[in-house]
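One structure is given here, and the rest of the page talks about it.
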There are 2 protein chains.
Amino acid sequence: MQPEVVPAGTPGEATRARVERAALDLFASRGFENVTSDEVADAAGISRRTFFRYFATKADAVWGDFAGHVARLEALLAAGDPGQPVLASVCAAYVEVNAYPDSQLHLLRERMQLILTEPALLAHSQLRFAEVDRAVARYVAVRTGESPDRLVPRLVAASTRAAATTAFEAWLADEASSLVDQLRVALEEMAGGFLALRR
Amino acid sequence: MQPEVVPAGTPGEATRARVERAALDLFASRGFENVTSDEVADAAGISRRTFFRYFATKADAVWGDFAGHVARLEALLAAGDPGQPVLASVCAAYVEVNAYPDSQLHLLRERMQLILTEPALLAHSQLRFAEVDRAVARYVAVRTGESPDRLVPRLVAASTRAAATTAFEAWLADEASSLVDQLRVALEEMAGGFLALRR
DNA sequence: ACACTAATGACACTGAGTGCCACCGATCAA
DNA sequence: TTGATCGGTGGCACTCAGTGTCATTAGTGT
């Protein structure tokens, strides 16, 4: 693994990516709970202590650049068409931010499979997804002129996120399906008030 | 506390309740993370080992009889009017199951305040709320003749739960508000497809 | 009085996460 | 070249959640 020269740029960026890969592989093959942070660190060639400098918790190692994901969502919301209804803007941004190139979909599937399947990771996900909720609620608040912690902004954030998460589950369950299609269907169904169920 | 005679019925029921009270009090006054399981056990007059026989995790000590809550929700769903649209039935059951007598609302507020406020408990809540989701998805599946793990049943479960959780947050934020009213408003708003936002 | 059973407590152990400190290599000033 | 500084690292010890094991105790039935 090279004498680790690191000519320029962020020094540990390669290391961080290596640890993420090791973690993802180990968790996927043996289960999150059955892998110790020591084993992940060993597999990545660093000490356990250093592992916890890269990631605050064992669970955080599977999230990749989630902060960047949230930032991109916020950017999409900010850049969206203000003539469009609020709810439609949020749904569009949710679909758009998950329109990954094919080359990245496999990795995303791996991550989400773990996050939505492993109990400890599912629990932890609540804390990360809450960042998304806050971003969406802020946007809805701006658009509606309300405070971000009033009912409607929170409600839109919580509901769209629930729909998006369900779409991810459906995508994981069907190997052949398209993520953005699942997102579109789920978000439209929910945002439309479940018209199909009004019989 | 009596010589612990326990003439009949479940032996440790009084103890369990005592531990829950101690946990709730300590967590509320000092914060979930700042209280050790040892301290809760001491406050309840049992050993730490026994504490973990009553509750699988520290977090579980704040949930009271949540399994019973889920069972009541299922019973309400099963007993609901089959002539009513599915979504309306789910919303009605959600409101109904949370129609607690005033005497119990204070305790509920205490629990939910912790659960939705303390990060560790919020994360853990995902695992408990997933039980509700599964129950609702099963019901929707029966009503629509689909499998419980298809998109629509899951979607209804996830969305109604999101709305209910948001209603709880609003209820906690406004000391004077009524829980069932918040639930009604939030669920109707969501189930109606956010009509107010369609401008 | 004697087994049987269930609840409990003591103890030891694993594993996540953290504080502290010593070390090592790179950079930079003299 | 030397020497001071600084960020990333590893080692160590510690706290705390959670678990397995075992001995003790108290209630129950014979």
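Chain naming here is simple, since letters A, B, ... match the order of the sequence lines and numbering starts at 1 in each.
- Remark: the B:Arg48 side chain and the C:dG9 base include no donor-acceptor N/O pair separated by less than 3.5 Å.
- Of the candidates D:dG10, C:dG9, C:dG17, the closest approach to any side-chain atom of B:Ser47 belongs to C:dG9.
- Classified by interplanar angle (parallel below 30°, tilted 30° to 60°, perpendicular above 60°), the ring pair A:Tyr100/A:His69 is parallel.
- Atom CG of B:Asp60 and atom P of D:dA17 are 14 Å apart (whole Å).
- For the pair A:Phe51 CZ and D:dC12 P, the interatomic distance rounds to 20 Å; values are reported in whole Å.
- In this structure, CZ of B:Phe52 is placed 14 Å from C1' of C:dT14, rounded to the nearest angstrom.
- As a whole-Å value, the separation of A:Arg53 CZ from D:dG11 P is 11 Å.
- Remark: C1' of D:dT9 and CZ of A:Arg18 are 13 Å apart, rounded to the nearest angstrom.
- The base of D:dG20 sits with one of its N or O atoms less than 3.5 Å from a complementary donor or acceptor on the side chain of B:Arg49.
- Among the atoms of the strands shown, none is found under 4.0 Å from any heavy atom of B:Val40.
- Rounding to whole angstrom units, CG of residue B:Asn34 and P of D:dT15 are separated by 16 Å.
- To the nearest angstrom, C1' of C:dG15 lies 14 Å from CG of A:Asp42.
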